[in-house]
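What follows is a short report on a single structure.
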Amino acid sequence: MKKSRLLVHFFILFVSIGLLVGCSNEATQTDSAPSMDELIYATTKDIDDMNPHLYAGSMPAQGMVYESLVENTEEGIQPLLAESWEISDDGKVYTFHLREDVEFHDGEPFNADAVKKNIEAVQRNVDLHSWIKLSQKIVECNVIDEYTVELVLSEAYYPTLVELSMTRPYVFLSPNDFTNEETKDGVNGYHGTGPYILTEHVKDNYATFEANENYWGGEPSIKKITAKVLPAGETTFLALQKGEVNFIFTDDRGTDSIDVEAMNQLIDTGEYQLVRSEAMNTKIIAANSSNAESPVSETAVREAIWHTIDRETIANDILAGTETVADTLFSHNIHYANVELKDRGYDIETAEAILEQAGWTLENERNARTKDGIPLAMNLYYDSNSSSQKTQAEFIQASLREIGIQLEIIGEESTSIANRRATGDYDLLFNQTWGLAYDPQSTIAAFTSESSYLHTTSGINNADELYKKIEEVMISTDEDTRASLYADILTIVHDEAVFIPISNGSVTVVAPHNLNGISFKQTQFELPFEFMYFE
């Protein structure tokens, strides 16, 4: 492993020197610097379609514009657009009492009728939302009176409130924006109830959000937020130095716009501060178990890969200590995830023994393994906008080469990688769990979804048992039963090694030193900009 570790250190040093040399003589401010009540954040991708009932749009941007009935917090589910609610004894009926002081950005009143129209619009496109199990449980949405709405389910479903609190799809758009009473085929506007209003959007350039003066929670102190599209790395670093942008944060793909060395250089100027959330998610490599033509469909191959990845080097050197080593799909602070699982640490000798026992023999002259004439070769896809993923991919490639696995690494846009995950056109790809507020139920529900992890899980030996337990846990009303089922589910996927954990990630913010009120939601996808203020 010495050569591999040297490669990592050299690569990090090379990038750092490049940034330092390229930026050392740049001015720290320009005439384009933001005003004291404005944030301009760098993003590697456009906000795209802001229709909250579809999935192309930027989640941080949608989180500023749209709101849900309830909010997921550290203290649990709290009121948002619904002031209170009751759940029937059989767990099938949820009755929500709405705020009476809310209107959409276009002046349309927010009421029970608007809730019904939005939920029914989502449900008429239910196949798209199959990843969220609530979409399969909703039977009807009834207006009781102007500010009371009733949600009827086919059966008890314990994550209902959690899934209603998500960034999408169960958030609310002005009915005036609907197209022919629908949202599934596009909308005519983006008017939510949230603290910010989308006022301008130049595709692949920038989007501007202005404070909602009539926001029911009070007008935000930050009056203007601009999402500026910039390539990750040196371009964003230069823009921060010049004052063209003044805020960056880990985006909804888990990507940081600049690397750790550049962040530290900015902090050292005294003009910026770094704020990091608690652990939010697990960065993983998802393995396609369903492709019988790929070696990665074998449990033994996946186990060997797991043992060959030195996660401590990745966490400490490549990620510079900003993330911690992950040994399981979920960290133990996730509810139901504190389960005793088989230890599968970094161990090259064990990896080689597993491959030998599985019939993958080493051809010494090429240092490559084969079985029945088939080479032990596969592809790993990473986000081309993430410099840290690229470095990790290179490190893993070098590590696997040492045990005779040929790994081709391929960088693509995140949308392309998401499409590969949905179609099964991959061997291995980088991904991450849904995060603190949503797990374990959301990531686990995605095991059965064609748009998510069905190809990751469907080829394992116990797939039918796995799916049956997932179905059971989602409708269980008994806490002990849920805990037992989750333990079984996590044990199955861990033993099959289809989700290879790398690190536990957080949301990182680099902001002006005089910006106060920086906090985090129980999600890796949004920031509560409405609580921020300059001092």
Side-chain angles (χ1 to χ4, degrees), residues 55 126-137 155 157-160 162-163 166 254 281-292 294 296-299 302-303 305-306 326 328-331 334-337 339 341-342 344 381 417-476 481-502 524:
Y55 296 98
V126 69
D127 288 346
L128 181 69
H129 311 299
S130 61
W131 65 272
I132 185 170
K133 294 301 181 183
L134 178 60
S135 68
Q136 314 298 311
K137 311 293 183 184
E155 59 187 343
Y157 181 58
Y158 94 86
T160 293
V162 172
E163 295 190 356
M166 292 181 179
N281 57 51
T282 304
K283 306 295 173 52
I284 59 175
I285 292 177
N288 187 349
S289 69
S290 68
N291 183 4
S294 171
V296 82
S297 64
E298 292 188 23
T299 305
R302 299 192 297 267
E303 279 197 293
I305 293 171
W306 189 320
T328 53
L329 177 59
F330 300 114
S331 58
I334 298 292
H335 195 32
Y336 301 116
V339 177
L341 299 169
K342 177 172 61 177
R344 197 181 279 127
Y381 295 91
I417 292 175
N419 184 63
R420 288 186 181 279
R421 187 183 66 179
T423 60
D425 185 18
Y426 68 96
D427 295 318
L428 303 165
L429 53 79
F430 278 101
N431 226 265
Q432 63 187 45
T433 57
W434 273 85
L436 185 62
Y438 305 130
D439 284 329
Q441 68 277 354
S442 295
T443 297
I444 283 175
F447 292 178
T448 65
S449 170
E450 288 188 1
S451 62
S452 294
Y453 294 124
L454 183 63
H455 295 285
T456 307
T457 60
S458 60
I460 67 174
N461 294 325
N462 299 319
D464 290 341
E465 179 187 356
L466 174 69
Y467 299 151
K468 183 175 182 294
K469 288 181 180 293
I470 291 173
E471 183 178 350
E472 290 174 357
V473 77
M474 297 304 174
I475 63 174
S476 172
T481 300
R482 280 203 296 269
S484 176
L485 286 166
Y486 272 125
D488 291 344
I489 291 165
L490 294 176
T491 299
I492 289 171
V493 294
H494 183 86
D495 288 349
E496 289 286 350
V498 284
F499 297 101
I500 302 172
I502 303 296
Q524 63 219 35

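Taking every heavy atom of both residues into account, Y158 and S476 meet most closely at CB-O, 3.9 Å. Contact between E163 and Y157 at its shortest, heavy atoms only, is OE2-OH, 2.6 Å. Heavy-atom minimum distance, T433 versus F330: CG2-CE2, 3.8 Å. Closest heavy-atom contact between V339 and T491: CG1-OG1, 4.2 Å. Listed here is the closest heavy atom pair of R420 and D425: NH1-OD2, 2.8 Å.
The backbone N or O of H494 lies less than 3.5 Å from a partner atom in the side chain of R344, making a donor-acceptor pair. A donor-acceptor contact shorter than 3.5 Å links the side chain of S289 to the backbone of T456. In this structure, H455 contributes its side chain and A422 its backbone to a donor-acceptor pair below 3.5 Å. Between the T443 side chain and the P440 main chain, no donor and acceptor come within less than 3.5 Å of each other. Put simply, the side chain of T282 gets close to the backbone of L329: a donor and an acceptor are under 3.5 Å apart.
Looking at E303 and K342, a side-chain N of the basic residue comes within less than 4.0 Å of a carboxylate O on the acidic one, giving a salt bridge.
Less than 6.0 angstrom separates the ring centroid of H129 from the ring centroid of Y55.
Within the 4.5 Å cutoff, no side-chain heavy atoms of T299 are placed close to those of D495. At least one side-chain heavy atom of L454 sits less than 4.5 Å from a side-chain heavy atom of Y467. Between I285 and I502, the closest side-chain pair of non-hydrogen atoms falls below 4.5 Å.
The aromatic rings of F447 and F499 sit parallel, their planes meeting at an angle under 30°, below the 60° perpendicular limit.
For E450, the CD atom sits in a loose shell: 12 or fewer heavy atoms of surrounding residues, nucleotides or ligands are nearer than 6.0 Å.
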